[in-house]
Structure formats: C-alpha cells, structure tokens
Amino acid sequence: MKTVAVYPGSFDPPTYGHLDIIGRGSHVFSKVIVAVAFNIRKQTMFTPEERVGMLRTLTGPMGNVEVDAFDGLLADYAVAKGANVVLRGLRAVSDFEFEFQMAHVNRKLAPKLDTVIMMTGEKHIYISSSIVKEVARLRGKIDDMVPELVRDRVVAKIREQE
Ligand code: PNS
C-alpha cells in the first residue's frame, strides 16, 4: 500500500529540525509532500514562494519528497492530494497540546486521515524558526540551526529590513 504523508508547516524559515523530519519521513512513507502554509495569521519573514523555493533546493536530493504550498484547511488539502497521513515533529511537551488538538481536529474533518508524530532528533530539539530569526536579528550565529542557504537568506532579509 502506498502511504503518502503531508508534512505541513510555516517553514519560516526551514531549519535542520524540519529537514530531519522530512529525511526520516522519506524513509518511512512512499512519498512526503512538504506543504507550506500561506495566509496563516502569523507575520512571516519569507513569502510562500521563497519558503517553497528554499525547501525545493534543500530536499532536491531526496527522491520521494515534493514541495507544495496550501491555503485553507489542511485536512481538505491532504484529502485532495490523496494523502493518508499528516506528519508532524514533536520537540518537547510544550508542543504536545497544539499537536494533540490539531490531530483531533484533522481527524474530525477527515476521518481517514491519521496523524503520525515523529520525535525530533535530539540535536535539534531546541531549534525553532522563531528562535532562528531572533538569534539572527540579534547578530548571533545560526549555523548549527539552519543550512548555509537558509542562513544567507535570513541574514540578507534582516539587512533589507533594517
Ligand atoms: O509550523 P507551524 O506553524 O506549527 O504549522 C501549523 C500549521 C500551518 C500546520 C497549521 O496551522 C495548519 O494546519 N493550518 C492550516 C489551517 C487548518 O487546517 N487549521 C485547522 C487545524 S489546526
């Protein structure tokens, strides 16, 4: 049976934590669709096109990974894509409540859609896109948190904004 997973998120910007989940997911599922959410209420540093572009470059070497963007309900998008799984990473207990709620809402909306949670690799548990942006804005090093390509784009964006 083909198991297609949608891995949704803001990815503003993509981090090593995200890439760890995508890489591990690509070994477990037939296909992983990385789905960049746009029109989310959060103010983002990067446009959806920029986030999709970075993710396409970074996941290029992984054969069974596709990058796309979506608007509206994740459950509707996943069903339309023929996915049977929503893949999410969990870093700490603090992530649990949101993931728990999201998994239940998505199952209510699409009963055949199951959520699979992967534990984020221990090297990456402290990384979040917000921490990356904050450290970079305060001129800290983000080299251990994001790939070079992302680091350069974040630094350039901050320079543009100042
Ligand atoms: O990276 P994030 O910000 O934790 O991702 C959250 C995201 C985008 C996956 C979530 O907010 C989402 O699925 N948004 C789409 C709208 C939706 O379906 N909402 C109901 C389930 S929470």
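From a predicted model like this one, the values you see are computed outputs, not experimental measurements. We count ligands from 1, going down the list as the structure has it; atoms in each ligand are counted the same way.
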Decide if atom CD of Gln161 counts as having more than 12 heavy atoms of other residues, nucleotides or ligands within a radius under 6.0 Å.
yes
Quick one: CD1 on Ile22 to CD1 on Ile33, what's the gap to the nearest 0.5 Å?
12.5 Å
Nearest-0.5 Å distance that lies between atom NZ in Lys81 and atom CZ in Phe70
12.0 Å
If the cut-off is 4.0 Å to any non-hydrogen atom of Ala37, which atoms of ligand 1 fall inside it?
8 (C)
Atoms of ligand 1 close to Leu73 [distance to a heavy atom under 4.0 angstrom, numbered from 1]:
17 (C), 18 (O)
Would Ser129 count as a contact of ligand 1 if the rule is a heavy atom under 4.0 Å away?
no
For ligand 1, is there an atom lying under 4.0 Å from some heavy atom of Arg88?
yes
In short, ring-ring contact (aromatic ring centres under 6.0 Å, His included) pairs touching residues 106-158 with sequence neighbours left out are none
Under a 4.0 Å N-O cut-off, is there an ion pair linking Asp95 with Arg88?
no
Polar proximity ligand 1 side, Gly9 side, N/O cut 3.5 Å exclusive
no
Select the closest option to atom 16 (C) of ligand 1 among Gly89, Gly72, Pro8, judged by heavy-atom distance.
Gly72
Please state which option from Asp12, Leu109, Leu74 has its nearest heavy atom closest to atom 13 (O) of ligand 1.
Leu74
Please tell me if the side chains of Glu99 and Thr115 come closer than 4.5 Å, counting only heavy atoms from C-beta onward.
no
For ligand 1, note which part of Ser10 has a heavy atom under 4.0 Å away: side chain, backbone, both or neither.
both
